[in-house]
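A, B, ... follow the sequence lines: proteins, then strands. Residue 1 opens every chain.
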2 protein chains.
Amino acid sequence: MKTLARKDQIRLKAQMLFRERGYSATSMRDLADELGIEAASLYNHISSKEEILQGICFGMAESFFAAVEPVTLSALDPKAKLQSALEAHLRVIAENSDASAVFLHEWRHLGEPFLSDFKLMRRRYEKLFVTLVEEGIARDSFKKMDARVVARTILSATNWTFESQKTSKSDGDATIQQIAELLVEGLIRR
Amino acid sequence: MKTLARKDQIRLKAQMLFRERGYSATSMRDLADELGIEAASLYNHISSKEEILQGICFGMAESFFAAVEPVTLSALDPKAKLQSALEAHLRVIAENSDASAVFLHEWRHLGEPFLSDFKLMRRRYEKLFVTLVEEGIARDSFKKMDARVVARTILSATNWTFESQKTSKSDGDATIQQIAELLVEGLIRR
DNA sequence: CCTACCGATCGGTAGG
DNA sequence: CCTACCGATCGGTAGG
């Protein structure tokens, strides 16, 4: 369907621009220029600038949950589970680097009630990793440590690492495993 | 209690607002309101909005170098040196959390030639940590690994960790040591 | 998807 | 530090 395709084009270009310049510094005219149309024409496909941001932020949230939640429910042992979850998280970022950067940085420009919804969702997601660490500690697979600090440190490291990386398809998988292993082996294993 | 020079007051409030809303989403009128004056009055103390951003970004750059460079030149063994450098880095962030957040996120809104200068400086700073890791590997104090990946992972973890933390004076030092130790012990020691 | 246009707000200046 | 104001640009609408 033609309209859908156009809407996707808008979203893709918006992801790029929001990542590069930030949401507030990107004008609808910038976005329209990138697509070779007039700013007014955008509104045939979307109803507001913020709607685009919402689509990116909540769409990525879905992607992250869809990738990581199944892993947390699996029967793997704690270490393998955490490492798999981390790799799943990293894979989502690697495959959607623009959208991920927007997800990580631009969500604060959401208006209410979306802002509150987003924050809640983000807490729930981080909780997945905290729980994995807690489980590992409880079952004596991980050394004893502050699960919240460790989980946050791990997520932080992964998120930031991809910030300034181009992640070419070739070395992408190697880097993902490298990082996931580095973190899990180093920080977690007793 | 001595009152701050107006220029310093402007900078402090700007740091808060730039951090909370982002540089582009913060207007000079927002900033003026926060100080209880008119927007036009700001220009008696500063010459442009971007000048404020420049002051924050390059001022923090100086703070980071001043704190970390001496450590890299010290005679400590590789592990102690890296951990000290990391703690110095973390202390600067903890003591200037608003300005650090701006330094980390808002620099991209600098115009040329400041943008290029900033990027160069940032590379030089990261290089300090890469070199520390390389030294440790060369002297067989650290396990063999990709120094650039490790250094970046460490910095990433530290930077992000303070993002959403209030860092109350009380638990600040504990957290700094906790994080620095976690990273160095876990990722680096052979 | 375009032309034509809106009110609001932007960073900044003039002049006191 | 204020009043008064500037041209530019913003997100968005009307109507075809």
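The distance from atom OH of A/Tyr43 to atom P of D/dC10 is 11 Å, rounded to the nearest whole Å. Between B/Asp33 atom CG and C/dG11 atom C1' the separation is 15 Å, expressed in whole Å. For A/Ile10 and D/dG11, the CD1 to P distance is 14 Å, given to the nearest whole Å. One interatomic measurement links the two molecules: CZ of A/Arg6 to P of C/dC2, which rounds to 9 Å at whole-angstrom precision. Rounded to whole angstrom, the span from the CG atom of B/Asp30 across to the C1' atom of C/dT9 amounts to 11 Å. Summarising the geometry, the separation between CE on A/Met28 and P on C/dC2 is reported as 14 Å, rounded to the nearest angstrom. Between the CG atom of B/Leu42 and the P atom of C/dG12 there is a distance of 10 Å, rounded to whole Å. The distance between atom NE2 of B/His109 and atom C1' of C/dC10, rounded to the nearest whole Å, is 15 Å.
Each of A/Ala25 and A/Ala40 has a nearest nucleotide on DNA chain D; the 5'-most of these lies closest to A/Ala25. The residue among B/Asn44 and A/Glu38 whose nearest nucleotide of DNA chain C lies closer to the 5′ end is A/Glu38.
Listed here is the closest heavy atom pair of B/Ala85 and B/Leu132: CB-CD1, 3.6 Å.
A sub-4.0 Å separation between OP1 or OP2 of C/dC10 and a side-chain N or O of B/Ser27 is present.
Taking CD of A/Glu34 as the reference point, atom CG of A/Leu17 lies at 5.0 Å (rounded to 0.5 Å).
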> For DNA chain D, what dot-bracket results from Watson-Crick or G-U pairs at under 3.5 Å, with [ ] for crossers and | for inter-strand partners?
Replying inline: ||||||||||||||||
> What do the steps show when you test B/Tyr125 against B/Leu120 for side-chain contact (heavy atoms from CB on, under 4.5 Å), and what is the final call?
Replying inline: CA-CA 9 Å; B/Tyr125 184 66; B/Leu120 271 173; over 6 Å; no
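Aromatic ring centres of B/Phe103 and B/Phe18 lie farther apart than the 6.0 Å criterion allows. A distance of 6.0 Å or more separates the ring centres of A/His105 and A/Tyr23.
Contacts of A/Ser24 with the nucleic acid, taken as non-hydrogen atoms under 4.0 Å apart, are absent.
Using modelled atom types and a 3.5 Å distance limit, the side chains of B/Glu112 and B/Ser116 yield a donor-acceptor pair.
For the contact set between residues 46-53 of chain A and DNA chain D, defined by any heavy atom under 4.0 Å, the members are A/Ser48, A/Lys49.
Under a 4.0 Å N-O distance rule, the pair B/Asp30/B/Arg21 qualifies as a salt bridge. A salt bridge links A/Lys81 with A/Glu135; the closest basic N to acidic carboxylate O contact falls under 4.0 Å.
Between D/dC1, D/dC5, C/dC1, one nucleotide has an atom nearer to the side chain of B/Arg29 than all others, and that is D/dC5.
Other residues, nucleotides and ligands contribute at most 12 non-hydrogen atoms within 6.0 Å of the CZ atom of B/Arg148.
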